[in-house]
Amino acid sequence: YVSHPSYWNILGNCYYLNKNFIASFIYYNKALTLNPKYSPAINNIAVLHLKEGKVSAALKKFNLIKNSSVTTFNKSLVEFRYGRLEEAFSDLKKSESNSNNNEVNIALAQISLILKSPAEALAYFSKLPKSLLKRADVGLNYSIALARTDKKSAAEDALELTEIPEGNNPYQNYFNSIKNYYFKED
């Protein structure tokens, strides 16, 4: 086992899950000494770079890996976070081959909505199970996509079905903003 990079990568994951990031970094690098192109370890080092705020270093690592939907997804999330929406969308489309990947479809829907294509956003939202459409980070944007495609009644229903966590949180503020903007009394 110790002669295979996956052994060291898994060991690194154990340390990562226990928040011992220095040890995880060491074991991911040990995996790379056995196989410098071992993509799971490269991806995990990139994730560690992101935790440290080293975005450029993370993107360089992500770019070393080809044909990995996990890495492509992780890279697209970084691009999305930093406003590189077209790049994020393009990378996510590469990961879309598995249309059952809910997180990919959520991200594609949200980027479509931001890029002013609510109909395209709805196409991605429609691939999600109904239970996910109740999740605050999904349901609120789903409601906006419906409202922007002149499906006001469905948008109101979706907004009301969205489960907003209790207490003072950003989702409650977002919910109120959506309700006031799209569904104010005429």
Side-chain angles (χ1 to χ4, degrees), residues 1-115 121 123-125 127-142 163 165 169-171:
Y1 298 118
V2 296
S3 63
H4 197 280
S6 66
Y7 173 85
W8 299 102
N9 189 62
I10 291 168
L11 192 56
N13 289 343
C14 292
Y15 280 98
Y16 181 91
L17 292 172
N18 284 304
K19 299 186 183 341
N20 187 338
F21 304 122
I22 293 171
S24 63
F25 186 76
I26 290 168
Y27 290 116
Y28 295 146
N29 275 299
K30 173 66 176 170
L32 293 178
T33 62
L34 297 172
N35 179 353
K37 295 182 180 183
Y38 187 65
S39 61
I42 296 169
N43 179 75
N44 292 338
I45 289 172
V47 170
L48 284 173
H49 286 319
L50 287 176
K51 280 195 93 42
E52 297 172 337
K54 298 176 181 175
V55 176
S56 180
L59 287 173
K60 284 179 184 174
K61 287 290 186 190
F62 286 141
N63 286 329
L64 292 174
I65 304 169
K66 306 296 180 218
N67 302 320
S68 166
S69 59
V70 171
T71 301
T72 302
F73 180 73
N74 288 342
K75 180 182 171 200
S76 70
L77 292 180
V78 174
E79 293 165 338
F80 182 62
R81 180 177 179 186
Y82 289 96
R84 296 171 51 184
L85 300 178
E86 286 82 7
E87 293 94 334
F89 191 82
S90 174
D91 282 342
L92 284 166
K93 291 292 285 181
K94 294 174 193 169
S95 297
E96 189 190 15
S97 60
N98 177 3
S99 63
N100 293 328
N101 187 325
N102 292 329
E103 295 305 318
V104 170
N105 285 319
I106 290 168
L108 286 166
Q110 291 175 337
I111 293 172
S112 295
L113 191 58
I114 293 167
L115 293 176
Y124 291 112
F125 282 126
K127 296 178 181 182
L128 300 173
K130 300 269 186 244
S131 60
L132 260 181
L133 296 175
K134 294 178 181 180
R135 203 172 84 184
D137 62 323
V138 178
L140 295 171
N141 290 323
Y142 175 56
E163 298 169 351
N169 65 69
Y171 292 122

S.K.: Going by ring-ring contact (aromatic ring centres under 6.0 Å, His included), name the residues that satisfy it together with F25, two or more places apart in sequence or in a different chain.
M.R.: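 Once residues adjacent in sequence are excluded, F25 has no partner under the ring-ring contact (aromatic ring centres under 6.0 Å, His included) criterion.
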S.K.: How long is the span from the NZ atom in K93 to the OG atom in S76, to the nearest 0.5 Å?
M.R.: 13.0 Å
S.K.: Return each pair, listed once, that meets side-chain hydrogen bond (donor to acceptor under 3.5 Å, both in side chains) where at least one residue sits in residues 34-53; pairs must be two or more places apart or across chains.
M.R.: N9-N44, N13-N44, N43-T71, N43-N74, E52-K54
S.K.: Under the 3.5 angstrom rule, does the side chain of S24 hit a backbone N or O of F21 as a donor-acceptor pair?
M.R.: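 Yes: the side chain of S24 pairs with the backbone of F21.
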S.K.: Identify the two heavy atoms, one from K66 and one from N63, that lie closest to each other, and give their separation to 0.1 Å.
M.R.: NZ-O, 2.8 Å
S.K.: Quick check for you: to the nearest 0.5 Å, what is the distance between L132 atom CG and F125 atom CZ?
M.R.: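 Here the interatomic distance stands at 10.5 Å.
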S.K.: Within this structure, what is the CG-OH distance for the pair L92 and Y124, rounded to the nearest 0.5 Å?
M.R.: 9.0 Å
S.K.: With heavy-atom distances below 4.5 Å as the criterion, would you say the side chains of N29 and I26 are in contact?
M.R.: no
S.K.: Please tabulate, for the side chains in residues 55-62, all donor-acceptor contacts under 3.5 angstrom to protein atoms that are two or more places apart in sequence or on a different chain.
M.R.:
none

S.K.: Y16 vs V47, test: side chain to side chain contact (heavy atoms under 4.5 Å, CB included). Steps then yes/no.
M.R.: CA-CA 10 Å; Y16 181 91; V47 170; 3.8 Å; yes
S.K.: Look up atom CD1 in I106 and atom CG in D137, then write down how far apart they are to the nearest 0.5 Å.
M.R.: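 It is 6.0 Å, given to the nearest 0.5 Å.
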S.K.: Is there a side-chain contact between R84 and V78 in this structure, where contact means two heavy atoms from C-beta onward sitting under 4.5 Å apart?
M.R.: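 In short, these two side chains do not touch, never coming nearer than 4.5 Å.
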S.K.: Closest heavy-atom contact between A31 and A41?
M.R.: CB-CB, 4.0 Å
S.K.: Which atoms form the tightest heavy-atom contact between L34 and P5, and what is the distance?
M.R.: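 Distance-wise, the nearest heavy atoms are CD1-N, 4.0 Å.
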S.K.: Please name the pair of heavy atoms, one in L115 and one in E86, separated by the smallest distance, quoted to 0.1 Å.
M.R.: CD2-OE2, 3.7 Å
S.K.: With rounding to the nearest 0.5 Å, note down the distance linking CG in L133 to CG in L140.
M.R.: 11.5 Å
S.K.: Is it the case that atom CG in L17 sees more than 12 heavy atoms from other parts of the structure closer than 6.0 Å?
M.R.: yes
S.K.: Is there a side chain to side chain contact (heavy atoms under 4.5 Å, CB included) between V2 and W8? Walk through the geometry before answering.
M.R.: CA-CA 7 Å; V2 296; W8 299 102; 4.1 Å; yes
S.K.: Hey, is the main chain of E87 close enough, under 3.5 Å, to the side chain of S90 for a donor-acceptor pair?
M.R.: no
S.K.: If I compare all heavy atoms of K127 with all of N102, which pair ends up nearest, and what's the gap?
M.R.: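 Scanning both residues completely, I find the closest heavy atoms to be O-OD1, 4.4 Å.
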S.K.: NZ of K130: more than 12 outside heavy atoms within 6.0 angstrom?
M.R.: no
S.K.: Can you measure from CZ (F80) to CD1 (I114) and round to the nearest 0.5 angstrom?
M.R.: 4.0 Å
